Number of protein chains: 4
Amino acid sequence: MKEDCVDRFSVSIPPKLLSEFDEMARETGYKNRSLAIADMMRSRLVEHRQKFGAEQIAGTITLVYDHHRQHVQEALTDIQHDHHNLIVSTLHVHLDHHNCLEVLVVRGRAKLIKKIADELMVAKGVKHGKLTVTTTGKDLSI
Amino acid sequence: MKEDCVDRFSVSIPPKLLSEFDEMARETGYKNRSLAIADMMRSRLVEHRQKFGAEQIAGTITLVYDHHRQHVQEALTDIQHDHHNLIVSTLHVHLDHHNCLEVLVVRGRAKLIKKIADELMVAKGVKHGKLTVTTTGKDLSI
Amino acid sequence: MKEDCVDRFSVSIPPKLLSEFDEMARETGYKNRSLAIADMMRSRLVEHRQKFGAEQIAGTITLVYDHHRQHVQEALTDIQHDHHNLIVSTLHVHLDHHNCLEVLVVRGRAKLIKKIADELMVAKGVKHGKLTVTTTGKDLSI
Amino acid sequence: MKEDCVDRFSVSIPPKLLSEFDEMARETGYKNRSLAIADMMRSRLVEHRQKFGAEQIAGTITLVYDHHRQHVQEALTDIQHDHHNLIVSTLHVHLDHHNCLEVLVVRGRAKLIKKIADELMVAKGVKHGKLTVTTTGKDLSI
């Protein structure tokens, strides 16, 4: 795809919203308004598509926990091995003597990914958990 | 919002992305493209205005990109090395022949983390980027 | 397997070698000579088995390079994506402004793993590369 | 080595491991088990005597273990958190329902790194462990 192969169309936006958006785009580092809008469209499509359970997604599950809490790590590892085909790998960062940050890279059907994320986040001892959904890249043009 | 008080401007978007976006907007129930874009702008502003101050955070930056796009990887690595003291490590997953999923584990002052995330997500060739903020665990009891 | 299910046999070793070995085992932290010998046996089996090309192995490829060297990162990523089914994931650590440490977790037939390792290690700009072979765990009792 | 000047002692090894070792020793061409064990001891001493001093190194520690073995994971995590300033991050790959591959990226004084590696590899339940030393890149030109 040549980068100058674009469709041109016009949009009507309330003036105050437009100027606020332009300021945000400038602050974020976008070279022009169209690039900022194209990026928003892609993000919106990623969010929209994860609602369908059968969709293939990639993503991360981020967990913070205190590894001194009895059995928390055993529980988390057991859940992960039960779904080892959906978990590409897990990155573990030792934040301090107590706290662990664990990031799981996951890939598979949206509804299965959500199920694992829920199981992990409700596990006793987990301070904070978050599922971040992104795309496998295949269905998103640029 | 009064519909006749609007600014009219033109936007250039790759045709495939535009048609995917239009389909999504229709499915969601938007009456026209401008209303869908205005809504996205508002959501984006809410995110952008989240306060990122001097507090210490831990988190991840998730990026999906096509490594065949000229210079995208060089650009991303340069940005990362400029801030190597804030990036604990980066996990790279080769999704397929084209697409890469990269997860950066970051730690430091919130506003600096936000700045790196913006720089990376705006980089040309990045299909989707997301900053996920979590805690360093210290200030969160369980 | 119960841990006290062991075979007992006797070994004849030159006295000086034995006392040096015992000192090493103590320094390393082994509780007794048998545990140290069992660990050596497992390591020796892992090394022995990697000689056969069709054997499934797991391992890591460790690379240190200067990402400012023209095209080094593009070259490394291209090689990795050509074999993305053998590479589980890659961990990238930004050592300083120039130097990168990259650890690839690999899994597959020994001879294919060796081929990728060779391609990566000879790539221009790589300062140091090393293939570390371990086991998939399946064929190693404890 | 004079063969009659030997110390005789008894060793206890799990039966399956012993028979695998014997098969390997036969394939390699050893006349008896004692000669194979003596050779392993010498190799192990050479490795052990490598000098690990005050110099800064980067490297990886690779571990394979069965996470179902009682307390193995707790033990490994405790050791890691005791030295969290030397461990950049840990990548965990779920090989199958039982086996885990863990790669620690480490950085710091050589002798401290060696000490952690020994502690981890000796831990009960670890099937195979290996320390791979590389450079921080600073002292190696290209």
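Numbers restart at 1 for each chain; the letters A, B, ... are given by sequence-line order, proteins then strands. Here the structure is a predicted model, which means the values were calculated and not measured.
- Chain C forms the most heavy-atom pairs under 4.5 Å with one residue out of D:Ser10, D:Ser89, D:Cys100, and that residue is D:Ser10.
- Comparing D:Lys130, D:Arg44, D:His128 by how many heavy-atom pairs each has under 4.5 Å with chain C, the most go to D:His128.
- Across C:Glu27, C:Met41, C:Glu20, the residue that shares the most heavy-atom pairs under 4.5 angstrom with chain D is C:Met41.
- Contacts of D:Asp7 with chain C are made by both backbone and side-chain atoms, with heavy-atom separations under 4.5 Å.
- Interatomic distance, CG of C:Leu35 versus OG of D:Ser12, reported as 9.5 Å (0.5 Å rounding).
- Proximity to chain C (any heavy atom under 4.5 Å) is restricted, for D:Thr62, to the side chain, taken from C-beta onward.
- Nearest heavy atom pair, residue D:Pro15 against residue C:Cys5, reads CD-O, 3.3 Å.
- Note: C:Ile37 leads C:Val103, C:Ile37, C:Leu101 in heavy-atom pairs under 4.5 Å with chain D.
- Between D:Leu17 atom CG and C:Asp39 atom CG the span is 9.5 Å, to the nearest 0.5 Å.
- The NE2 atom of D:His98 sits 13.0 Å away from the OG1 atom of C:Thr136 when rounded to the nearest 0.5 Å.
- Heavy atoms of D:Val11 lying under 4.5 Å from chain C belong to its backbone as well as its side chain.
- For chain D, the nearby parts of C:Arg8 are the backbone and the side chain; heavy atoms of each come within less than 4.5 Å.
- When heavy atoms are compared at a cutoff of 4.5 Å, C:Val88 approaches chain D solely by way of its side chain, counted from C-beta outward.
- Checking C:Thr132 against D:Thr132 by side-chain atom types alone, a donor-acceptor pair falls below 3.5 Å.
- A distance of 10.5 Å separates CE of C:Met40 from CD of D:Glu47, quoted to the nearest 0.5 Å.
- Between chain D and the options C:Gly129, C:Gly29, C:Ala38, heavy-atom pairs under 4.5 Å are most frequent for C:Ala38.
- One distance of note links NZ of D:Lys127 with OG1 of C:Thr135; it measures 6.5 Å at 0.5 Å rounding.
- For C:Lys138, the parts lying under 4.5 angstrom from a heavy atom of chain D are both the backbone and the side chain.
- Heavy atoms of other residues, nucleotides or ligands lying less than 6.0 angstrom from NZ of D:Lys115 number 12 at most.
- The two atoms that bring D:Leu95 and C:Ala58 nearest to each other are CD2-CB, 4.4 Å, heavy atoms only.
- The greatest number of non-hydrogen atom pairs below 4.5 Å with chain D, out of C:Leu63, C:Asn32, C:Thr60, is found for C:Thr60.
- Within a 6.0 Å sphere centred on CZ of C:Arg33, other residues, nucleotides and ligands contribute more than 12 heavy atoms.
- Atoms CG and CD, from D:Leu45 and C:Glu23 in turn, are 9.0 Å apart once rounded to the nearest 0.5 Å.
- Nearest heavy-atom pair, C:Gly137 versus D:Val64, reported as atom, atom and distance to 0.1 Å: CA-CG1, 4.1 Å.
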